[in-house]
Amino acid sequence: MLLLALDTATPAVTVALHDGTSVVASSSQVDARRHGELLLPAVDRVLDEAGTRLDAVTGIVVGVGPGPYTGLRVGLMTADTFGLALGVPVHGLCTLDALAYASDLTVPFVVATDARRKEVYWARYDNARTRVTAPAVDRPAEITEQVAGLPAVGAGALLYPGTFPQVHEPEHVSAAALASLAVEKLAAGEELPAPRPLYLRRPDAQVPKNYKVVTPK
């Protein structure tokens with residue numbers, strides 16, 4: 001096995017390579033505006049560090065969000081393109097699940113990432129491997145009662161200490177955790193789904209109201 005993992009659902013542009021036993025190389029940069037610019041060079045760095053080539057990859061796993069439309073689609077399209085070019089399976093995993101897995105917490109907690117518009121993408125977990133609610137997007141004040149008393153993980157939690165007073169690492173998702181979670185699930189015989197984006201809301205860019213299409217007569 002040589003699994004290539006990548007995630008662009010958050011400001012972190014993160015890539016890793018897993019050989020079925022351990023992560024052999026990884027790269028992460030935090031820049032919310034340069035997903036498309038940073039992702040492919042990161043893949044090249046990871047392959048170079050591992051001393052291998054892209055055509056040696058036997059599978060791909062990509063974070064499916066939730067996340068903003070523009071950043072999320074960069075990773076999804078790249079993963080699909082690699083999968084088609086190499087003829088290898090492409091798997092999708094929830095980005096929040098990778099953050100939860102990296103926390104290694106054994107008590108109930110919540111993961112929250114920044115959804116902009118003064119909202120967070122979030123979900124509750126019984127432990128680092130068990131999500132108990134579907135991913136959602138809400139204003140922190142609207143979920144205070146649902147997350148009261150729970151530790152929190154993620155950059156979204158750091159932005160709203162009134163709702164998430166107990167914040168634990170990690171702040172950002174890592175492809176290393178995404179890859180390790182995928183390998184663990186595959187080793188247990190779990191069939192991973194094809195990547196389907198968790199947008200949860202419409203893109204920020206919208207066609208203006210009363211927009212008139214001008215075409216020549």
Side-chain angles (χ1 to χ4, degrees), residues 5-12 14 61-77 79-80 90-160 162-175 177-186 188-204:
L6 50 95
D7 195 304
T8 59
T10 73
T14 179
V61 60
V62 60
V64 299
Y69 179 82
T70 302
L72 180 53
R73 67 178 179 175
V74 171
L76 290 167
M77 291 302 297
D80 281 342
V90 181
H91 312 291
L93 285 180
C94 176
T95 298
L96 302 182
D97 291 354
L99 270 161
Y101 182 82
S103 76
D104 206 29
L105 289 171
T106 58
V107 297
F109 67 101
V110 60
V111 173
T113 60
D114 184 15
R116 304 173 186 172
R117 303 184 191 174
K118 298 182 180 180
E119 294 178 330
V120 292
Y121 296 116
W122 70 283
R124 286 180 55 175
Y125 292 77
D126 268 349
N127 53 59
R129 290 170 173 79
T130 309
R131 176 158 46 86
V132 294
T133 65
V137 58
D138 291 290
R139 289 181 177 269
E142 296 171 348
I143 61 172
T144 299
E145 291 186 4
Q146 299 177 62
V147 303
L150 295 178
V153 169
L158 287 169
L159 292 173
Y160 303 99
T163 299
F164 309 103
Q166 307 175 53
V167 182
H168 294 247
E169 292 289 340
E171 179 178 353
H172 296 289
V173 67
S174 75
L178 187 74
S180 297
L181 177 59
V183 168
E184 184 176 297
K185 287 177 174 288
L186 291 169
E190 185 172 336
E191 185 175 343
L192 299 185
R196 295 290 183 269
L198 291 170
Y199 292 127
L200 299 190
R201 68 184 185 202
R202 296 178 64 83
D204 290 336

So which heavy atom on [X] is nearest to which on [Y], and how close?
X: Ala157; Y: Ala152; result: CB-CB, 3.7 Å
X: Pro151; Y: Val107; result: CG-CG2, 4.4 Å
X: Val120; Y: Pro140; result: CG1-CG, 4.2 Å
X: Leu178; Y: Ala5; result: CD2-CB, 4.2 Å
X: Ala177; Y: Ala98; result: CB-O, 3.7 Å
X: Gly75; Y: Thr8; result: N-OG1, 2.8 Å

Legend entry - Check: Glu171 and Leu158 side chains under 4.5 Å, non-hydrogen atoms: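 Heavy-atom side-chain distance check passes, below 4.5 Å.
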
Legend entry - Any side-chain heavy-atom pair of Val90 and Asp80 under 4.5 Å: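 The answer is yes; the side chains approach within 4.5 Å.
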
Would you compute the distance between atom [atom1] of [X] and atom [atom2] of [Y] and round it to the nearest 0.5 angstrom?
X: Thr130; Y: Asp97; atom1: OG1; atom2: CG; result: 9.5 Å
X: His91; Y: Leu181; atom1: NE2; atom2: CG; result: 12.0 Å
X: Leu6; Y: Thr14; atom1: CG; atom2: OG1; result: 8.5 Å
X: His172; Y: Asp114; atom1: NE2; atom2: CG; result: 9.5 Å
X: Asp7; Y: Leu72; atom1: CG; atom2: CG; result: 8.0 Å

Inset, instruction - Taking side chain to side chain donor-acceptor pair (under 3.5 Å) as the test, write out the residues that go with Tyr101, two or more places apart. - result: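 For Tyr101 the side chain to side chain donor-acceptor pair (under 3.5 Å) partners, ignoring immediate neighbours, are Glu184.
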
Legend entry - Residues forming a side chain to side chain donor-acceptor pair (under 3.5 Å) with Thr70, sequence neighbours excluded: none

Inset, instruction - Name all residues meeting the salt bridge (Lys or Arg N to Asp or Glu O under 4.0 Å) criterion together with Arg73; count only those two or more places apart in sequence or in a different chain, and write none if there are none. - result: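 If we apply the salt bridge (Lys or Arg N to Asp or Glu O under 4.0 Å) test to Arg73, skipping adjacent residues, there are no hits.
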
Inset, instruction - Quick one: which residue pairs count as a ring pair (Phe, Tyr, Trp, His ring centres under 6.0 Å) with a foot in residues 129-153, not counting sequence neighbours? - result: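 Pairs touching residues 129-153 that pass the test: none.
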
Legend entry - side-chain contact (heavy atoms from CB on, under 4.5 Å) evaluation trace for Val167 with Tyr160: CA-CA 10 Å; Val167 182; Tyr160 303 99; over 6 Å; no

Inset, instruction - Could you point out which residue of Val111, Asp138, Thr113 forms a side chain to side chain contact (heavy atoms under 4.5 Å, CB included) with Trp122? - result: Asp138

Can you give each donor-acceptor pair under 3.5 Å made by side-chain atoms of residues 189-198, sequence neighbours left out, with the distance rounded to 0.1 Å?
| unit_1 | atom_1 | unit_2 | atom_2 | d |
| --- | --- | --- | --- | --- |
| Glu190 | OE2 | Lys185 | NZ | 3.4 |

Legend entry - Expected output: side-chain Thr163 to main-chain Thr144 donor-acceptor under 3.5 Å: no

Legend entry - Residues in ring-ring contact (aromatic ring centres under 6.0 Å, His included) contact with Phe109, at least two apart in sequence or another chain: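 ring-ring contact (aromatic ring centres under 6.0 Å, His included) list for Phe109, sorted by chain: Tyr125.
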
